[in-house]
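Notes for the one structure printed next.
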4 protein chains.
Amino acid sequence: MSPIQEQVSAVVLGAFNSPLSLESAAMPEPGPGALVAHVDLAGVCGTDVHLLHGHLPIPLPIVLGHEGVGRVWSLGEGVNTDFSGNPLREGDAIAWSSNIPCGRCHWCVVAGQRTLCETRKVYGVNQRFNEFPRLSGAWAEAIYLQPGSAVFRLPDGLTSEEVIALGCAGPTAVHGVIEVAGITAGDTVVVQGSGPVGIAPAMYAHLAGASRVIIVGGPLGRLQLAREIGVGDVHIDIFEIPDAGERVRLVLDATPGRRGADVVLECAGVPEAVAEGWEMARRGGTFLALGQYTDRGTVPLNLHLITRKQLRVVGSWGFAEKHYLGHIQALPGLAARFDLPRLISRYNVADANIALSDMGSGRVMKPVFDLNSQ
Amino acid sequence: MSPIQEQVSAVVLGAFNSPLSLESAAMPEPGPGALVAHVDLAGVCGTDVHLLHGHLPIPLPIVLGHEGVGRVWSLGEGVNTDFSGNPLREGDAIAWSSNIPCGRCHWCVVAGQRTLCETRKVYGVNQRFNEFPRLSGAWAEAIYLQPGSAVFRLPDGLTSEEVIALGCAGPTAVHGVIEVAGITAGDTVVVQGSGPVGIAPAMYAHLAGASRVIIVGGPLGRLQLAREIGVGDVHIDIFEIPDAGERVRLVLDATPGRRGADVVLECAGVPEAVAEGWEMARRGGTFLALGQYTDRGTVPLNLHLITRKQLRVVGSWGFAEKHYLGHIQALPGLAARFDLPRLISRYNVADANIALSDMGSGRVMKPVFDLNSQ
Amino acid sequence: MSPIQEQVSAVVLGAFNSPLSLESAAMPEPGPGALVAHVDLAGVCGTDVHLLHGHLPIPLPIVLGHEGVGRVWSLGEGVNTDFSGNPLREGDAIAWSSNIPCGRCHWCVVAGQRTLCETRKVYGVNQRFNEFPRLSGAWAEAIYLQPGSAVFRLPDGLTSEEVIALGCAGPTAVHGVIEVAGITAGDTVVVQGSGPVGIAPAMYAHLAGASRVIIVGGPLGRLQLAREIGVGDVHIDIFEIPDAGERVRLVLDATPGRRGADVVLECAGVPEAVAEGWEMARRGGTFLALGQYTDRGTVPLNLHLITRKQLRVVGSWGFAEKHYLGHIQALPGLAARFDLPRLISRYNVADANIALSDMGSGRVMKPVFDLNSQ
Amino acid sequence: MSPIQEQVSAVVLGAFNSPLSLESAAMPEPGPGALVAHVDLAGVCGTDVHLLHGHLPIPLPIVLGHEGVGRVWSLGEGVNTDFSGNPLREGDAIAWSSNIPCGRCHWCVVAGQRTLCETRKVYGVNQRFNEFPRLSGAWAEAIYLQPGSAVFRLPDGLTSEEVIALGCAGPTAVHGVIEVAGITAGDTVVVQGSGPVGIAPAMYAHLAGASRVIIVGGPLGRLQLAREIGVGDVHIDIFEIPDAGERVRLVLDATPGRRGADVVLECAGVPEAVAEGWEMARRGGTFLALGQYTDRGTVPLNLHLITRKQLRVVGSWGFAEKHYLGHIQALPGLAARFDLPRLISRYNVADANIALSDMGSGRVMKPVFDLNSQ
């Protein structure tokens, strides 16, 4: 586009457990079916902390970042609409699903479970920095969105902050809470966990008409933030009430007839939360394992509970295009109801290491890099 | 009816872990809405062994027996049809559901889950021998079927042996396998366990169009009996292959693309079977906990599997009237396909202690008392 | 209770198409399992207009009224809790489900569809005035609530006006919209009809997280009332736009990608609305026939649409106890969101004929009799 | 492969309502991702009669035939497994799904309804003969199977006749009967229609454990063939019993409690069958519109039935890869149970016009061309 090719900065992970570095790359031209976008805001997710520590087998070096919102810089040949068919032009504000399922395997075609695709590409997770097109993570001033990406023009009136606030927890909640667990209007819902993957499911439980949302989490700061923006009707602090049995009693007290919750959403990521959650569910109720994203080994569980209570225990893994679309469509409603930007803490991209550290410690809810607004 | 009141024999449990005794009681006259039946055949179930040993808090003394088939001796006032509306007359061959949900509680009315009713009456389990109407178990020459009982006239052509052969495992399978787990025609199904509660679910999996039924159980005699009557396509003997990992490999080998089974039916009652079953299920598959009827404590389980594989783990507890009806309606089809009477070993009612002992040891598949055919 | 037996007034239908009369009856004492309540407010429903005109085969004479809210006057023996198990005392504010399914028939026990029970008792519809207990309709100063009635103590903070505002349309919507049709958060929903049975489903669609609710109805006054209290995002006036094809175009314009609505709720009661509604639904969408409560004959329909669009067309008939309970539990949330009392027009019970006439003409949304507040 | 390029014959439709012609084309070499197969047997479907008469907007000239079974002649670069991942070699017996959804549109990716894809390629329906690769229909000695085709190596022991016997009605039934309508073991099922699209659904109803399958169709020859191979338990001849009301009575007589069928499968393609089918379904039952594939206009229908009976009316359109796979997996079971080759009438490819005429008149069940076995 410009005679002198633009250079953009990117946060690169070169080695596990080492500091991230800020590197430079040439702004790429989009090939057919692709587009290149400037990134405005990029989110930091708990998974990024795991990536830094080498808990997952990813290629290096890599530009991190699977949560982003930005503006179209250049459209490749043949690209003139977004994934929903809306016209797309340079400068349009967009967001994109972080993963591209293959669309051809058993899981994509036969099972219809694109979240289970084993060869999907994931921005910020499995695309190398030292190979074309290099800029495949959101922690950079620009990102190359490959053919097949689910890119969405943002609905009018929605701000970048509102879109990035829930990060990947938003579409993950659409998949787990709305599609897999299924909230029926009037349900009493327990959410175990109060990080982003607890807050987003709790918001969706409200949106889906839950009559009562009980959040069991901590630390206190996160619960207070949730309470202040109207997420959750009852908040139980696991640090204040360290006894699981006592927490179960409190939850039962908050459900009709002390029968337990219709739906329990496990968003804690701690295996120990499971047995507690099964006790909190009513007979015939549903328990969603949403948070057990990483393998943290076994815990003692009593399956007799499943039989006797006729529980339904379901699992949900990540999200696919349709869930990302669902989240984009739900955002105006969520933004009208909850002060989403309150969840964000802004960082300069040069402070990426600090942002990751703050995320790891739970000091903030959602660190966000401010990339192109200066 | 007769001027001299008939006396009938009944097998009574007077104290836990003590021999059963054969006692006598007067043949009762049915009150309004009730009926009295002669019992022809009565089944012995694994639960009866638990009852003998005091594993469940039941009232004593009690006439045991929750599985029975017989003939109407006398109809109480207002009783002229069976539960399905078919005309009912003295002498008609009948069977009956062993439990009577209250029909008024939250679980019966609101949840629509009559299996969860907390105050249901259960023949042979929670009705005392020393209170009216005394004869409330099937291990007797006659049984008093109270108002509200789901009594069914047997379809023409069905023999008593065919009805008693699966015992309560039949309606339990209708509930768990057909209603809760749900087999889709073409599914690959694993059944863990080869006792009556393994055989009945396996038969129902065949009936529902499973493309392959893999039975993982033992001992060899039970597997051979299953094979001989055409139940199961693949049989894995847990005594021959004691390594769970090896069994999982064999199951995967027997599933399309080694992806695992669409549905795993846990019918073993052993908590250790659960982790193995989760490994046998395909991603997106279903695991039914049907066998964990008694509380045998915790085992180590990894919930990460539920999240990553997007498993659906469901539980099913006993059965209600509709499942018993479903079983009666399915029996002609099952009887045409499988030689049901092969499952039975007949005992004289005087040998009740031997029958219970043989059931406990797994020496026979289904002990049955022959009560009125002499 | 009192030495001189209280007399209460009741609105009685003595003959079809004749004026209602105000008659007097002795205040009854509740028998075991029953209770007697003072009625505070009673609603007029479109069905009452049909009853007046003899469109349905009901017994005469009868106290009309199947929608009511009141206070406990006297509890019969054994009654000390409401249907949910909450303690119940004289003076407590209550509401009750208008029908009592038999609890014993095929539909109640086997099918688990208590709305299909053929022998259920319905207050204000099939209980005679000239037989015990006479006071079986809500258009009276008192009502005798028989054993088996689902009576609910009102949640704290809920007013009588808020409870009566939606009348039977509330639980009908819980059954049809939430249970049968099933709204998924994010759905685009069309509601055909803007009477009470249109407004209540539209409210429930909002509650269940619909991203957009499009009301197609009239006359203008009803649409304006809906708009003023925040029900519906788009309002299409069938009198302003009499062409069905044009209305379909407007609905498509209001749906993502012009693909049509995810769910169409037919609440018009006019057979002609059906073909129009099928055109408004997206491929793979759901159409609920909720309004075709009375048999108004056939209309031309093209089933090819069902096949080609893979539509799901479902029907929902009335409601049962669990839906009434669901409505009571949802009311605090609905009341917080919508100004429910705005729907009400109060009438003196002596003006019952005027109220019915105003309901028939659609001049008001929900006529309500004020019975005990003077 | 061979120095002198092979020539193959193909049945070509050059103009609507004109005789088909036998034309010659060069055997193509498969490009990357494609394969070329010799066709052994190709089926004639009722849709082909519609295509001949120009009822559907297809491009001309075209090689007809969307049902085929054959052997791999040549594999294109990168093709070494079938759609299920089984190794694929030249000479292997194969069958293939007739359509290729785009895999990228809203219906494929978001809705997960690949049958609704608007740009899918269909062999024998929308691929021109005068464009590369020319051989895109099964009524030819060879077919060019494009990249993206769902090709399946036949299970061992399955014959070509068994695979072609049900033609596209097989996977259509998997979609409609198994996935959309859903048969529960024990269901009473009515099938309206006794052509191939009636027989295949009836077989699948048996496979899925229907306790009784009632076929309402004709002419007599088709019903007798069905009866002879064990399809259907009750057969009602619409020519012998021309009164719809009488047919409804007979169906009710054949259902438990005269309540009607649990599931009615409309496979007649006649709009008039719909009202009759709704009467045959029990309250709370399911009606599948499978046969209304072509638009034959409106018929009078009464939606009050849907509301009052709480019917579920669903539609199913064609099939996608997963349904074709499901059919291939079910075929060994179907072939073991029913004498599938009895459905076939063989024709020489030179007699294509006669075959189409016989299909149109219903004189035969399934005309099949014998292409390479001479």
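Each chain gets a letter, A, B and so on, in the order its sequence line appears, and its residues count up from 1.
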- What are the residues of residues 302-316 of chain C, in order of number, with any heavy atom under 4.5 angstrom from a heavy atom of chain D?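 C/Asn302, C/Leu303, C/His304, C/Ile306, C/Thr307, C/Arg308, C/Gln310, C/Leu311, C/Arg312, C/Val313, C/Val314, C/Gly315, C/Ser316, listed by number.
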- Message: Strictly less than 4.5 Å between heavy atoms, which residues of residues 263-275 of chain C line up against chain D? Please order them by number.
- Response: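 Checking residues 263-275 of chain C against chain D gives C/Val274.
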- Query: So which part of C/Thr294 gets closer than 4.5 Å to some heavy atom of chain D, the side chain, the backbone, both or neither?
  - Reply: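 For C/Thr294, the contact with chain D is made by the backbone alone.
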- Segment of C/Leu116 engaging chain D (4.5 angstrom heavy-atom cut-off):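 Contact with chain D involves both backbone and side-chain atoms of C/Leu116.
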- Task: Pick whichever of D/Pro300, D/Gly291, D/Ala111 has the most heavy-atom pairs under 4.5 Å with chain C.
- Result: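 Of D/Pro300, D/Gly291, D/Ala111, D/Pro300 has the most heavy-atom pairs under 4.5 Å with chain C.
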- Most chain C-contacting option - heavy-atom pairs closer than 4.5 Å, from D/Arg259, D/Arg282, D/Arg296: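 Most heavy-atom pairs under 4.5 Å with chain C: D/Arg259.
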- Query: So, do D/Arg283 and C/His106 sit near enough that their side-chain heavy atoms are less than 4.5 Å apart?
  - Reply: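 D/Arg283 vs C/His106: side chains apart.
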- Message: Looking at C/Arg104, I want to see if its CZ is surrounded by more than 12 non-hydrogen atoms of other residues, nucleotides or ligands under 6.0 Å.
- Response: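 Not more than 12 within 6.0 Å, no.
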